[in-house]
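Naming convention: chains lettered A, B, ... in sequence-line order (proteins, then strands); numbering from 1 in each chain.
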2 protein chains.
Amino acid sequence: MSALPIAAVERDTGIPKDTLRVWERRYAFPQPVRDDKGERLYPAEQVEKLRLLRRLLDQGHRPGSIVAAPTEALAALLEPAGERGREPADPGIAALIDLVRLHRSAELRATLQQHLVKLGLQRFVSELVAPLSRAIGEAWLHGEIGVAEEHLFTEHVQNLLRSSISSLGTGSRSPRILMTTLPGEEHILGLLMVEAMLAPEGVQCISLGAQTPLADIAQAARDGQFDVVAVSFSAAFPARQAFRGIEQLRDALPASIALWAGGAALHGKRKRIDKVQQIAQLDDLPDALAEWRKAN
Amino acid sequence: MSALPIAAVERDTGIPKDTLRVWERRYAFPQPVRDDKGERLYPAEQVEKLRLLRRLLDQGHRPGSIVAAPTEALAALLEPAGERGREPADPGIAALIDLVRLHRSAELRATLQQHLVKLGLQRFVSELVAPLSRAIGEAWLHGEIGVAEEHLFTEHVQNLLRSSISSLGTGSRSPRILMTTLPGEEHILGLLMVEAMLAPEGVQCISLGAQTPLADIAQAARDGQFDVVAVSFSAAFPARQAFRGIEQLRDALPASIALWAGGAALHGKRKRIDKVQQIAQLDDLPDALAEWRKAN
DNA sequence: GTCAACACTTTGTCCAGGACAAACAATGAG
DNA sequence: CTCATTGTTTGTCCTGGACAAAGTGTTGAC
């Protein structure tokens with residue numbers, strides 16, 4: 001099969017070049033082949049294992065105990081999480097995953113639309129889209145679907161959410177909320193879900209999309225006279241970096257502007273940050289909103 | 001002011017750490033301060049100059065002649081391009097840029113909507129959105145607007161285009177077109193503009209969003225029985241990498257699936273690639289489509 | 001038993017300075 | 001002017017060392 005140079009592996013796995021080299025030195029894995037120039041070439045199956053490692057690290061495992069372990073042992077480590085998420089395997093969700101896997105775009109879209117109309121926007125998001133995203137992520141981890149299928153799913157859901165939110169129009173009640181992600185976080189589905197939860201409450205939500213530099217967020221929040229800044233983190237985002245970024249952003253914001261942070265990267269972490277509203281789940285958003293309105 | 005560590009500079013400017021260090025060694029710029037650990041800290045104004053350098057490199061200048069030059073000389077180099085783009089300064093576009101600069105979200109949205117209705121989707125894209133994006137990019141380069149404002153603009157245009165495309169429904173005529181960007185290219189506005197040009201022609205457009213790995217694109221194109229794969233590149237994408245990626249993708253696709261490539265990164269480059277349809281401007285898309293239909 | 005303070009280990013990121021092939025520019029021959 | 005050849009520039013990779021921040025385990029006080 002094909003083998004990738006180190007830069008490509010960094011892009012594919014998200015593990016920096018420096019880390020790849022130091023793992024090789026310390027744990028004797030990965031062990032890339034060398035080309036005629038003496039440069040590293042990583043065989044496909046090692047890249048596969050690196051992806052798995054990345055995920056396990058995100059779950060809290062430590063490199064010393066897993067990098068050198070055989071691939072089968074790692075797959076076993078992932079199982080518990082897999083089974084936990086798969087308890088009831090909601091038939092509706094399973095059906096949707098099948099549509100994604102089979103590239104049935106038209107039916108996928110129609111089915112999502114049906115659910116949306118049936119549940120209403122907020123319940124559609126918290127009861128269907130959220131668990132479905134999680135299930136898609138799991139399925140990808142287990143090799144049941146590919147990257148392209150995951151993208152296809154994301155794209156359809158985004159379109160649906162965006163047009164729903166759009167049709168609501170911009171709200172007129174306070175607070176004014178500025179939403180974005182920090183540099184390094186390119187996933188905006190979480191952000192859209194937040195917007196979908198809040199928009200029906202008449203809030204003025206403005207999204208800046210992904211990866212706005214900290215200084216620019218703070219500047220924009222002041223210029224646009226926002227009351228709240230909301231940031232979201234996907235499961236793929238390293239938790240430490242998230243906490244660091246949140247703290248920096250809080251310090252860059254005036255005290256009069258609240259900071260809300262949420263997303264899968266923060267789940268299960270007990271750490272709390274002063275003066276920051278942490279959103280554990282989507283359902284908590286309406287409460288956070290009510291609380292803000294009461295306090296202001 | 002603030003000074004950034006090397007990793008942050010890499011993220012902000014897109015210039016790899018290795019390159020930053022080798023420039024310092026060879027051209028005596030940048031010259032970061034050192035903190036107490038001996039690690040580099042780049043002052044804000046040097047980071048600013050690095051951003052400028054990045055853009056000049058993309059325009060074809062070479063490091064040896066510009067990295068060591070004083071900032072004022074570099075700004076002068078940029079002028080010609082600036083003036084060329086500013087010939088008539090369409091009043092409608094200037095007005096929109098002002099709305100972006102002043103964070104007037106509601107009016108921005110309303111004005112865009114008016115233009116859309118007045119021009120129709122295709123002309124809206126090719127006559128307004130395309131030159132407007134270019135103007136926004138220029139304005140950002142000259143420091144007239146910030147990153148946040150650029151994001152705000154992108155977000156609004158995206159919402160508008162997506163809901164327009166969405167309301168057209170999926171087309172039923174051939175060809176089936178799979179659209180995405182290659183790894184490293186995160187901007188999808190170009191892709192949306194393409195979709196907006198093609199969707200009214202009844203084409204079946206499916207977008208995978210940004211950054212789909214090559215192998216997954218090829219796999220998805222086959223699985224989904226697509227006729228055409230279309231990829232787009234923003235001005236920020238390095239041209240060489242684009243050409244390399246396009247060639248690899250072409251080789252990974254069966255001969256029966258056409259490959260279309262376009263975007264600002266490819267403009268002005270005379271290089272042609274065998275068996276790849278290169279789209280110079282958005283207006284050429286209907287022609288390319290007609291040609292494909294004639295040939296099939 | 002809980003909690004805080006301490007020492008020890010692990011781990012990611014940075015550094016210096018060298019190397020080399022691919023891309024580019026300059027030169028010369030037909 | 002066109003094409004091939006030579007020389008220079010430039011990004012990326014290499015090795016091996018260093019160190020602080022984060023994590024883990026232990027001890028002792030309450």
Side-chain angles (χ1 to χ4, degrees), chain A residues 3-11 13-42 50 53-54 56-69 184 237-245 247-248 268-271, chain B residues 3-11 13-42 50 53-54 56-69 184 238-244 247 269-271:
Chain A
L4 303 180
I6 194 167
V9 176
E10 171 174 8
R11 264 212 317 247
T13 64
I15 303 169
K17 294 193 258 271
D18 274 327
T19 304
L20 288 170
R21 285 193 274 254
V22 92
W23 280 4
E24 183 180 340
R25 202 197 308 168
R26 288 184 186 147
Y27 314 118
F29 180 88
Q31 288 202 315
V33 197
R34 300 296 180 124
D35 67 3
D36 46 358
K37 305 172 224 165
E39 299 187 351
R40 293 171 173 80
L41 280 181
Y42 295 81
L50 285 170
L53 286 171
R54 169 86 207 275
L56 287 168
L57 291 184
D58 289 343
Q59 290 187 359
H61 288 91
R62 307 206 56 197
S65 46
I66 58 171
V67 174
F237 200 85
R240 305 162 208 168
Q241 203 179 322
F243 283 115
R244 215 187 315 158
E247 283 174 354
Q248 281 181 27
K269 314 284 169 185
R270 60 214 161 129
K271 185 168 178 182
Chain B
L4 304 179
I6 194 167
V9 177
E10 170 174 10
R11 264 212 316 245
T13 65
I15 302 170
K17 294 193 258 273
D18 274 326
T19 304
L20 289 170
R21 285 193 275 253
V22 93
W23 279 4
E24 183 180 340
R25 202 196 311 168
R26 287 186 186 146
Y27 313 118
F29 181 88
Q31 288 202 316
V33 199
R34 300 296 180 126
D35 67 4
D36 47 356
K37 307 172 223 163
E39 299 188 351
R40 292 173 174 81
L41 281 182
Y42 295 82
L50 286 169
L53 285 171
R54 168 88 207 274
L56 287 169
L57 290 184
D58 288 345
Q59 288 186 2
H61 287 90
R62 306 207 55 198
S65 47
I66 57 171
V67 174
R240 304 162 209 168
Q241 204 179 323
F243 283 116
R244 214 188 315 157
E247 283 173 352
K269 313 284 169 184
R270 57 207 164 134
K271 186 168 177 183

Here the pair of heavy atoms bringing A:Glu10 nearest to A:Leu20 is N-CD1, 4.4 Å
Distance col, row A:Trp23:CH2 vs A:Leu50:CG, nearest 0.5 angstrom, shows 6.5 Å
Ranking A:Lys37 and B:Arg62 by the position along DNA chain C of their nearest nucleotide, the one closer to 5' is A:Lys37
Contacts of A:Ser65 and A:Asp36 projected onto DNA chain C by closest heavy atom; the upstream (5') one is A:Ser65
Of all heavy-atom pairs linking A:Arg40 and A:Pro32, the shortest is CG-CG, 3.6 Å
Rounded to the nearest 0.5 Å, the NE2 atom of A:His61 sits from the CG atom of A:Leu57 at a distance of 9.5 Å
Residues passing the ring pair (Phe, Tyr, Trp, His ring centres under 6.0 Å) test with A:Phe237, sequence neighbours excluded, are A:Phe233
Smallest heavy-atom separation, A:Ser65 atom then A:Ala69 atom, equals O-CB, 4.2 Å
Taken to the nearest 0.5 Å, the spacing of B:Arg54 CZ from B:Thr19 OG1 works out to 10.5 Å
Discussion item. Between A:Arg34 and A:Glu24, does the salt bridge (charged side-chain N to carboxylate O under 4.0 Å, His left out) criterion hold? Intermediate values first, please.
Written reply: CA-CA 13 Å; A:Arg34 300 296 180 124; A:Glu24 183 180 340; 3.6 Å; yes
Produce the list of close N/O pairs, under 3.5 Å, pairing protein atoms with atoms of nucleotides 12-17 of chain C; give distances to one decimal.
residue: C:dG12; atom: OP2; partner: A:Trp23; partner atom: NE1; Å: 2.8
residue: C:dG12; atom: N7; partner: A:Arg26; partner atom: NH1; Å: 3.2
residue: C:dG12; atom: O6; partner: A:Arg26; partner atom: NH2; Å: 2.8
residue: C:dT13; atom: OP2; partner: A:Thr19; partner atom: OG1; Å: 3.2
residue: C:dC14; atom: OP2; partner: B:Lys17; partner atom: NZ; Å: 3.3
residue: C:dC15; atom: OP1; partner: B:Arg40; partner atom: N; Å: 2.6
residue: C:dC15; atom: OP1; partner: B:Arg40; partner atom: NH1; Å: 3.1
residue: C:dC15; atom: OP2; partner: B:Arg21; partner atom: NH1; Å: 2.6
residue: C:dC15; atom: OP2; partner: B:Arg40; partner atom: NH1; Å: 3.1
residue: C:dC15; atom: O5'; partner: B:Arg40; partner atom: NH1; Å: 3.1
residue: C:dA16; atom: OP1; partner: B:Arg34; partner atom: NH1; Å: 3.4
residue: C:dA16; atom: OP1; partner: B:Arg34; partner atom: NH2; Å: 3.2
residue: C:dA16; atom: OP2; partner: B:Arg40; partner atom: NH1; Å: 3.2
residue: C:dA16; atom: OP2; partner: B:Arg40; partner atom: NH2; Å: 2.6
residue: C:dG17; atom: N7; partner: B:Arg25; partner atom: NH2; Å: 3.1

Rounded to whole Å, NE2 of B:His61 lies from C1' of C:dC24 at a distance of 15 Å
Axis-to-axis angle across the helix from C:dG1-D:dC30 to C:dG30-D:dC1, five pairs each end, nearest 10 degrees, ~ 30°
When rounded to whole Å, the CD to P distance for the pair A:Glu247 and D:dA21 reads 14 Å
